[in-house]
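The residues of the chain are indexed from 1 along the displayed sequence.
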Amino acid sequence: RDASQALFRWEAPSGAAAAASAFGEALAPLPDARDDGDDGKFLAYWLAAGCSATEPRHHGEPPPRGHWAKADAQAAQVQCCQGGRIEGQALPEHGQVSETSCHRREGDLCLGGADNSKLYSFHEANTICTGLGYRLCTRAELEAEDSSGCCNDNCGLDRKLVWTACNTTTTENWILRERVRDLSETNGDLWNDYHLNRDQTRALKDFLVNWQSDNPELADKVRKAREAEKEQEEANKYEKLTPREQWALDDLSLNTKGLVDMIAKLGRTTDQELQQVMDRVGGISESDWAALGA
């Protein structure tokens with residue numbers, strides 16, 4: 001008999017049914033403003049490897065890559081969690097939150113039934129877990145060390161995708177945190193590169209200063225060679241200009257030279273006039289200065 005069908009009909013022992021129901025409701029996904037009012041709640045949920053943590057059991061290979069899947073798609077298998085704390089959920093009024101425990105089987109039966117190749121929708125997987133007083137694991141729990149205890153040989157789910165409780169709304173903060181972490185790492189790398197380049201530039205500058213001090217004649221030759229090279233570059237740029245552009249540039253150069261000469265002449269005239277004023281001022285007595293100030 002298919003174990004999954006038996007689990008769908010599973011009933012909690014007397015006295016535990018109410019507690020299991022309350023537990024399932026408390027751990028149900030938080031309401032979404034986009035909820036259309038049916039039992040679907042959300043469009044997509046995250047699929048993750050049953051053992052998403054990097055474990056020796058993966059033989060050095062990364063675990064299967066997770067992805068989003070529509071809630072009604074027969075896309076993954078069943079793995080449940082119990083205890084722990086779900087992000088966004090209040091702490092209990094009494095008692096402590098227990099550590100997360102992982103469940104893949106109930107008794108001798110795997111939660112997904114005897115056929116370990118059968119896939120379930122989110123709704124089916126959620127019904128199985130809540131019916132047993134458990135809940136679907138979160139992405140964070142499966143990516144924690146040892147996947148919160150889920151990494152084991154039971155039911156062959158280590159490298160198979162299972163449904164999680166993370167939907168497109170509850171994981172928005174997760175995604176933002178991941179982006180912040182990635183940006184922080186990138187900025188850290190850039191900052192380290194900046195310091196490295198700055199230190200190398202300073203070391204090179206110190207080396208050049210010392211080299212110029214030790215080799216003044218050779219340094220002067222290098223300076224003159226650079227100036228000649230710059231002049232040659234300017235000449236090459238001039239030759240690439242059209243005749244009209246060369247005429248305009250020559251005219252601009254003449255005008256600029258004329259302005260420079262006029263400014264220099266004005267400066268000389270101003271200096272002469274200022275000197276004449278100072279000579280006159282030198283002939284004024286202190287009493288005259290006092291009278292002028294009054």
*Test C166 against T138 for side-chain contact (heavy atoms from CB on, under 4.5 Å), laying out the working first.*
CA-CA 6 Å; C166 292; T138 66; 4.0 Å; yes

_Backbone N/O of N152 and side chain of D158: donor-acceptor pair under 3.5 Å_ = yes

*Which word best sums up how the rings of F122 and Y45 line up, parallel for under 30°, tilted for 30 to 60°, or perpendicular for over 60°?*
parallel

*asked:* Using 0.5 Å steps for rounding, measure from the CD atom of E143 to the OG1 atom of T164.
replied: 9.5 Å

*For the atom pair OG1 (T256) and CG (L249), what is the distance rounded to the nearest 0.5 Å?*
9.0 Å

*Do W46 and V162 belong to the same hydrophobic cluster, where Ile, Leu, Val, Met, Phe, Trp and Tyr are linked whenever their side-chain heavy atoms lie under 4.5 Å apart, directly or via other members?*
no

*Salt-bridge criterion met for D220 and K224 (N-O under 4.0 Å)*: yes

*Look up atom CZ in R105 and atom SG in C110, then write down how far apart they are to the nearest 0.5 Å.*
4.5 Å

*Out of curiosity, L111 CG to E106 CD, how far, rounded to the nearest 0.5 Å?*
7.0 Å

*L132 and H103: CA distance, side-chain angles, deciding distance, side-chain contact (heavy atoms from CB on, under 4.5 Å) verdict*: CA-CA 10 Å; L132 293 168; H103 300 271; over 6 Å; no

*Cluster link Y134 to Y120, ILVMFWY, side chain under 4.5 Å*: yes

*Do the non-hydrogen side-chain atoms of C150 and L142 ever get within less than 4.5 Å of each other?*
yes

_Run C102 and C137 through disulfide bond (SG atoms under 2.5 Å apart) and show every step you take._
CA-CA 8 Å; C102 185; C137 305; 4.7 Å; no

*asked:* Under a 4.0 Å threshold between the charged nitrogen and the carboxylate oxygen, would E124 count as salt-bridged to K118?
replied: no

_Stepwise salt bridge (Lys or Arg N to Asp or Glu O under 4.0 Å) check, K257 with D261_ = CA-CA 6 Å; K257 186 177 183 302; D261 292 340; 3.4 Å; yes

*asked:* Main chain of G112, side chain of R104: is a donor-acceptor contact present, judged purely on distance under 3.5 Å?
replied: no

*asked:* For a salt bridge (Lys or Arg N to Asp or Glu O under 4.0 Å) check, start with the C-alpha distance between E227 and R223, then their side-chain angles and the critical distance, and finish with the verdict.
replied: CA-CA 6 Å; E227 291 177 352; R223 179 183 59 79; 3.0 Å; yes

*C129 and C80: sulfurs closer than 2.5 Å?*
yes

*Going from CG on D250 to CD on Q246, what distance comes out if it is rounded to the nearest 0.5 angstrom?*
7.0 Å

*Give the C-alpha distance, both sets of side-chain angles, the deciding distance and a yes or no for side-chain contact (heavy atoms from CB on, under 4.5 Å) between T186 and L190.*
CA-CA 6 Å; T186 301; L190 291 175; 4.3 Å; yes

*What's the spacing between R65 CZ and S52 OG if we round to 0.5 Å?*
13.0 Å

*For the pair N197 (side chain) and D193 (backbone), establish whether a donor and an acceptor sit closer than 3.5 Å, ignoring hydrogens and angles.*
yes

*Does L47 share a hydrophobic cluster with L136, counting links as ILVMFWY side-chain heavy atoms below 4.5 Å and allowing steps through other members?*
yes

*Would you check if T100 and Q82 make a side-chain contact, meaning some heavy-atom pair closer than 4.5 Å?*
no

*Starting from the C-alpha separation in whole Å, work towards a yes-or-no answer on side-chain contact (heavy atoms from CB on, under 4.5 Å) for N236 and E239.*
CA-CA 5 Å; N236 292 338; E239 292 176 358; 4.2 Å; yes

*Cluster overlap L161 with L157, hydrophobic side-chain contacts below 4.5 Å*: no

*asked:* Would the distance check show the side chain of N255 and the main-chain N or O of D251 forming a donor-acceptor pair, the cut-off being under 3.5 Å?
replied: yes

*Closest approach of W163 and A75, non-hydrogen atoms and distance?*
CZ2-CB, 4.0 Å

*Close side-chain approach of V222 to W211, heavy-atom, < 4.5 Å*: yes

